[in-house]
Amino acid sequence: MKRKNLTRYILLYLASALFLVVFIGPFLWLVSSSLQLERQLVKVPIVWLPDPLSLASYKEIFMGAFFDEAVVSSHKISSSYQSRIYLGSFLNSGIIAFSVSFFSVVFGAYAAYPIARLNFRGRYTLLFSILVVRLVPALALAIPIVLFAKKMGMNDNLVTLILINMSFVLPYTIWLLQAYFKTIPTELEDAARMDGCNRFQVANKIIIPLSIPGLTTAGILAFLLSWGEFLFALLITETEQSFTSTVVAAMFANDVDVNYVTIIAAGVLAVIPPVIFALFFQKYIISGLLSGAVKN
Amino acid sequence: MGAFGQNALSTMTKNPSSEIPQGRLALIFSAPALLILAVTVLVPLAYAIYLSFHRYNLKRAKRPFAGFRNYEKILTDDKFWDSLATSFIFAVSAVAVITVVAFFLALLLNQDFAGRGILRALLLIPWAIPDVVNALLWKWLLHPAFGVMNALFQMGGIIDQYVAWLTTMPSAMIWVIIAYSWKNIPLATLLILAGLQTIPKTLLEAAELEGANAWKRTQYITLPLLRPTLTVVLIFETIFALKVFDIIYVLTSGGPGKSTTVLGWSIYINTFKKLDFGTGSALAMILGLLTLFIAIVFYAFLDRGEKQ
């Protein structure tokens, strides 16, 4: 019996090690590459461990932005422009992701409340049609939206991107929150109604304060989804005033004139906010991702 | 009717003048969300349908009604069928890889051992990486001259010389599938793990006492009970895989040749490069109908499975 347990553990840890190499290895390789100098990156045979560790790539992005200095890549032109659009895009992505999380949680909560609590005809039709919205391919909507945005002068504009991202995020938010609201005991609500609270007061004073964990989950998922959005960001943005970090990452990745270490550092910077969010709030995220699925 | 009666009763017992009908109340509550969805989904969708029946090229001033001509043009074009086939090859392979790997990963994470929680948390890293950055990451790993994959494969004796993975024929598609799966396996794993945790442990223990080995237990207990979860995973993954775009944009741009030109990429090229919005819209409609069709088929399958 003991023998069997030992082999079981050996197998489990071997499998875990394989898992780590496959799923974390590529990410660590990217981080490690970003800590090298350009000449180490382009060395054949390959440099396995950065020696010395260098923050030159990050310095290039930050210094280039503020002081117009090309720290690493003296031979490559326009690197200061690249780092400048990079930092701006980082800020834009942050503005979009935070606004989308905030507004989709607020609007989503009010839309989820009646589905969870009120008794009206078409309640499930409403929920179902909100979900079906997610089946429409983004590319089908992209064509008219780009035309509208151009006509109304709303292209190259963060507000447009915030609105579009909300339409992707809201169905998830509503689904998640209505499931969460249903877990709150109705007695509290009934008591408040007896005391003369109307539905808005009930939602604001009882349901929403009691749903902070659910709202947090919804907000984090909204942040992650909108931070990573690419298609509309690509189509709507035109200049550095609205470029998002995904647009710039794609631009760098497809540009032969940008040196590797800058591309890689830009990639690492673009994943830092979502990865940190994901690890920090992992309990919320896992419960949120699962609550939707299990109820389905 | 019962609900209506109850509602009427509660209205009578409380102050009737302050009570708004629940349907109207629901509408007031959800108005902002519904307004956003209407403006960003319903209106554009209606206009996309309109566009798909018109000749609409940004380079031309006249935009006449075209009936089904855009659709006709697409359906009689070999390029469409090629990209449809490419989309299917991509979707079927990616969904297969994702589901199989996720299933085994979920089995691993469902075991009781120290460090399991850490593994589950780390699984969120690939999931949290934006698609575009995921593509950037793989582009670097697969670099023809400085990529770590070339170094590893050469060390392992798999290749003699460095390979330009993303610009040669079958390997470009294979790596796009691998890169896409890498990012999408974690979510599928978490969903399957949740399904596994609903299977009573006593059932598996009883089977073990009866002498069923691990494979038999998986085959006769775990898999059948996991069927609803697996169907949900298959639906979502298939729908997402058919819409793939971001990773193609960065990794291959549809190439080499047309070997990774999936439907999403061909819609993008037709619309935003050739500026043929009519054909692009019609293509997008076809993709939408395809997605809807697959969702319905899967759903019917799930429904039937549950009734059995």
Side-chain angles (χ1 to χ4, degrees), chain A residues 9 12 15-16 19 23-24 26-27 29-30 33 41-42 46 107-108 110-111 113-114 118-121 133 135-137 139-141 143-145 163-164 166-167 170 174 198-199 224 227-228 230-231 246 249-250 253-254 263-264 267 270-271 274-275 278-279 282 285-286 289-290 293-294 296, chain B residues 3 7 18 22-23 25-26 29-30 32-33 36-37 40-41 44-45 47-48 51 105 108 111 113 115 119 121-126 128-133 136-137 139-141 146 148 151 187 190-191 194 232 243 245-246 249-250 264 267 271-272 277 280-281 284-285 287-288 291-292 295:
Chain A
Y9 275 107
L12 280 179
S16 305
F19 160 88
F23 284 93
I24 310 305
F27 174 70
W29 184 255
L30 190 77
S33 296
L41 280 190
V42 298
I46 205 157
F107 295 162
Y110 285 111
Y113 175 77
L118 297 186
N119 208 335
F120 60 94
R121 217 157 20 115
V133 158
L135 273 182
V136 182
L139 273 159
L141 304 175
I143 299 166
I145 285 179
L163 279 173
I164 294 167
M166 282 183 66
S167 90
L170 268 172
I174 295 172
N198 65 32
R199 290 284 184 182
L224 291 169
W227 180 278
F230 174 63
L231 176 67
T246 50
N254 285 349
I263 299 174
I264 290 160
V271 297
V275 164
L279 292 180
Q282 47 133 330
I285 291 173
I286 290 175
L289 291 176
L290 298 187
V294 176
N296 216 344
Chain B
N7 189 18
S18 74
Q22 302 219 335
L25 200 60
F29 266 106
S30 39
I36 289 174
L37 289 176
T40 54
V41 179
L45 186 62
Y47 194 59
L51 281 176
L105 257 181
L108 171 67
Q111 302 294 316
F113 63 99
L119 286 192
L122 289 177
L123 197 58
L124 289 176
I125 292 180
I129 294 177
D131 286 310
V132 170
V133 184
L136 181 154
L137 160 69
K139 205 173 187 179
W140 175 238
L141 297 179
F146 316 118
V148 67
L187 179 59
L190 290 174
L191 295 176
V232 170
K243 295 196 278 200
F245 171 78
D246 298 10
Y249 183 93
V250 174
I267 296 172
T271 315
F272 299 105
F277 283 61
S281 300
M285 287 303 119
L287 174 62
T291 317
L292 191 67

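Just so it is clear: chains get the letters A, B, ... in the order the sequence lines come, proteins before strands, and each one is counted from 1.
Proximity to chain B (any heavy atom under 4.5 Å) is restricted, for Leu279(A), to the side chain, taken from C-beta onward. With a threshold of 4.5 angstrom between heavy atoms, Val148(B) approaches chain A through its backbone and through its side chain. With a threshold of 4.5 angstrom between heavy atoms, Ala295(B) approaches chain A through side-chain atoms but not through N, CA, C or O. Looking at Leu287(B), the atoms closer than 4.5 Å to chain A (heavy atoms on both sides) sit in the backbone and in the side chain alike. Only the side chain of Phe19(A) comes within contact range of chain B, with at least one heavy atom under 4.5 Å from a heavy atom of that chain. Interface remark: Thr271(B) contributes side-chain atoms only to the contact with chain A (heavy atom separation under 4.5 Å). For a residue to count as touching a neighbouring chain, one of its non-hydrogen atoms must lie under 4.5 Å from one of that chain's; by this rule Ile263(A) touches chain B with backbone and side chain alike.
Per-residue counts of heavy-atom pairs under 4.5 Å with chain B were compared for Gly228(A), Ser167(A), Ala270(A), Ala278(A); the largest is that of Ser167(A). Among Ser16(A), Pro144(A), Ala253(A), Ser33(A), the residue with the largest count of heavy-atom pairs under 4.5 Å with chain B is Pro144(A). When each of Ala128(B), Gly115(B), Pro126(B) is checked for heavy-atom pairs under 4.5 Å with chain A, Ala128(B) comes out on top. No other option in Leu37(B), Leu190(B), Ile125(B), Asp131(B) has as many heavy-atom pairs under 4.5 Å with chain A as Ile125(B). Across Leu231(A), Val275(A), Leu224(A), Leu141(A), the residue that shares the most heavy-atom pairs under 4.5 angstrom with chain B is Leu141(A). Counting heavy-atom pairs closer than 4.5 Å to chain B, the top residue among Trp29(A), Phe27(A), Phe120(A) is Trp29(A).
The distance from atom CG of Leu292(B) to atom CG of Leu135(A), rounded to the nearest 0.5 Å, is 6.5 Å. If you take CG on Leu137(B) and CD1 on Ile264(A), they are separated by 9.5 Å, rounding to the nearest 0.5 Å. Separation of atoms CG (Leu12(A)) and CG (Leu119(B)) is listed at 10.0 Å; rounding is to 0.5 Å. Interatomic distance, Leu124(B) CG to Gln282(A) CD, rounded to the nearest 0.5 Å: 6.5 Å. Between Tyr113(A) atom OH and Leu25(B) atom CG the span is 7.5 Å, to the nearest 0.5 Å. Rounding to the nearest 0.5 Å gives a distance of 7.5 Å between CG of Leu141(B) and CG of Leu30(A).
Residues Ala249(A) and Val133(B) share a closest heavy-atom pair of CB-CG2, 4.3 Å. Here the closest heavy-atom approach between residue Ala33(B) and residue Ala111(A) is recorded as CB-CB, 3.8 Å. Taking both residues in full, the closest heavy atoms of Lys243(B) and Pro137(A) are given as CD-CA, 3.7 Å, listed atom of the first, atom of the second, then distance. When every heavy atom of Gln22(B) is checked against every heavy atom of Asn119(A), the shortest pair comes out as OE1-N, 2.6 Å. What you find for Leu163(A) and Thr40(B) is that their closest heavy atoms are O-CG2, 3.8 Å. Between Ala250(A) and Val250(B) the shortest heavy-atom distance is CB-CG2, 3.8 Å.
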The test is side chain to side chain contact (heavy atoms under 4.5 Å, CB included); show your working for Tyr249(B) and Asn254(A) and say whether it passes.
CA-CA 9 Å; Tyr249(B) 183 93; Asn254(A) 285 349; 3.6 Å; yes
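Below 30°, between 30° and 60°, or above 60°: for Phe230(A) and Phe245(B) the angle between ring planes is below 30°, a parallel geometry.
In this structure the side chain of Trp140(B) reaches within 4.5 angstrom of the side chain of Leu41(A), judged on heavy atoms. For the pair Trp227(A)/Pro130(B), a side-chain contact is recorded, criterion being any heavy-atom separation below 4.5 Å from C-beta on.
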